[in-house]
Asks: 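Attaching a single structure in structure tokens format; questions to follow.
No hydrogens, no waters, no symmetry mates; every other heavy atom, side chains included, goes into these values. Letters A, B, ... mirror the listed sequences (proteins, then strands); counts begin at 1.
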Number of protein chains: 2
Amino acid sequence: MRPREFDHDEVLRIAFDQFWRKGVRGASLSDIARASGVQRGSLYNAFGSKEALFLQAYERYAGDYLLALQKTLATGSLRKRLTSFFDLTITNFRSGSPPRGCPTTRGLMELGAVEGEGLDEDAREAFANLISRIAALVQDALEAGAARGEFSGDPAAAALHIITVTRGLAVLERAFDEEPQLRKIAAHTIDLVLGKGGR
Amino acid sequence: MRPREFDHDEVLRIAFDQFWRKGVRGASLSDIARASGVQRGSLYNAFGSKEALFLQAYERYAGDYLLALQKTLATGSLRKRLTSFFDLTITNFRSGSPPRGCPTTRGLMELGAVEGEGLDEDAREAFANLISRIAALVQDALEAGAARGEFSGDPAAAALHIITVTRGLAVLERAFDEEPQLRKIAAHTIDLVLGKGGR
DNA sequence: GTGTTTTCTAGACATCGTGTCAAAAACCAG
DNA sequence: CTGGTTTTTGACACGATGTCTAGAAAACAC
């Protein structure tokens, strides 16, 4: 068996970068082949199809992202944790120039556009998975924080609310491209959930 | 001058339906030509380009949507108004089978995928415009409601928060496809903004 | 070494997408 | 009826996806 000549992980990173810059549909396999130095045929051979390549690249990204998030959410007061959560989120989808937006949100809205079918199960699950795990991390933070100071009595609902706001921010960011505005909404949300003076 | 053989508005409606079903990139001009009975060439002649056609179709839709929303937000207690606002929003982007999602959100995340440029000014403005006007209507409702019962002291911020949540719901809907969940988040948001027992 | 197996390269191909253009057709003004 | 103008129509160029083929190249078993 001849071994791969390219670094599987490296190609996934490069492919994801292309998808992120140009959108799933906007990035062509020729673009990715050019950017990675791997022939188009080899990409099909190794990953199966464009959508499969995207999903694998996305899952690699999701793993990285969750790790970073976990670190961010690990310490400090509840308010501090939520603040850095919003910070990380906003910084992430405003990275690049022009800002590349939130990959999860973009992927979700872009995929599954074939007449009659929604997005296929694998794709939907990949996106839903990352969102759920982020929500779980936030919920953990809320519970850890609630140990010293209650805030609402329903951490699951609160976490879901916060996640919903971050997805909304990802959308507003593309419409208005005004970072201070986004941070204001984030701060407002934290106040709303914790109470204006809360911890 | 030879007159048009097709109904301009009708074609915009049909085109928008295609874009909504399949996404801006997913709907081809051939699809739209087939669905409307107008030749591809004529579409280019009348609307300029695919993106221009989408924007015109989108703006027609936005006008309709704002009218419906205005009616919905006109009467009842503040809580009732917000409830029907969320109802209308969720119903709208869960219409169709499978649900077609929120056209604004989908368009925003899908467009502007060319390397180096974000979405172009016209498009961004069209989306931002509808969102802003919806936010303004919600703010009006909040102020009208606040006349008999305060709720937060910053109606603009509250309206923006609510809009952010609706955009977030549009994203979550595609990831989870569970309407009851969405309605719970909506209800939670109203409680958060108005206070649990508020009007 | 010799073969086997797997991968990479390089290209052709069918099909579908966008966008442009020139010629034909339909209307209207005079 | 005639000329002018706009729409319609069909052909074209070009690039994307996805499949497939044939051969060269690299590791491994024996």
Asks: Can you tell me the distance, in whole Å, between the CG atom of B/Asn45 and the P atom of D/dT8?
Replies: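 It works out to 7 Å between those atoms.
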Asks: Whole angstroms only, please: what is the CG-P distance between A/Leu53 and D/dT17?
Replies: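 To the nearest whole Å, that distance equals 11 Å.
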Asks: For A/Tyr65, what residues pass the side chain to side chain donor-acceptor pair (under 3.5 Å) criterion, not counting sequence neighbours?
Replies: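 A/Tyr65: no side chain to side chain donor-acceptor pair (under 3.5 Å) contacts found.
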Asks: Find the distance A/Gln39:CD to D/dT19:P and express it as a whole number of Å.
Replies: 17 Å
Asks: For nucleotides 16-26 of chain C, give me one character per nucleotide, 5' to 3': B if any protein heavy atom sits under 4.0 Å from the base, S if the only such contacts are to the sugar-phosphate, - if neither.
Replies: -SBBB----BB
Asks: Residues in side chain to side chain donor-acceptor pair (under 3.5 Å) with A/Asp140, at least two apart?
Replies: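 None.
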Asks: Could you tell me which residues satisfy side chain to side chain donor-acceptor pair (under 3.5 Å) with A/Glu179, sequence neighbours excluded, listed by chain and number?
Replies: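 Here the qualifying residues are A/Arg94, A/Arg183.
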Asks: Taking only residues two or more places apart in sequence, or in another chain, which ones meet A/Thr75 in a side chain to side chain donor-acceptor pair (under 3.5 Å)?
Replies: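 Testing A/Thr75 for side chain to side chain donor-acceptor pair (under 3.5 Å), a comparison that skips the adjacent residues, returns none.
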Asks: Atom CD1 of A/Ile32 and atom P of D/dG18: how far apart are they, to the nearest Å?
Replies: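 Interatomic distance, CD1 of A/Ile32 to P of D/dG18: 11 Å.
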Asks: Does D/dT7 have its OP1 or OP2 closer than 4.0 Å to a side-chain nitrogen or oxygen of B/Ser42?
Replies: no
Asks: Round to the nearest Å and state the distance from A/Phe6 atom CZ to D/dA26 atom C1'.
Replies: 15 Å
Asks: Less than 3.5 Å apart, which donor and acceptor atoms pair up between the side chains of residues 158-165 of chain B and the rest of the protein, not counting sequence neighbours?
Replies:
unit_1   : atom_1 : unit_2   : atom_2 : d
B/His161 : ND1    : A/Thr189 : OG1    : 3.2
B/His161 : NE2    : A/His161 : NE2    : 3.1
B/Thr164 : OG1    : B/Leu160 : O      : 2.7

Asks: Between A/Tyr61 and A/Phe16, how do the two ring planes meet: parallel, tilted or perpendicular, split at 30° and 60°?
Replies: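 Parallel.
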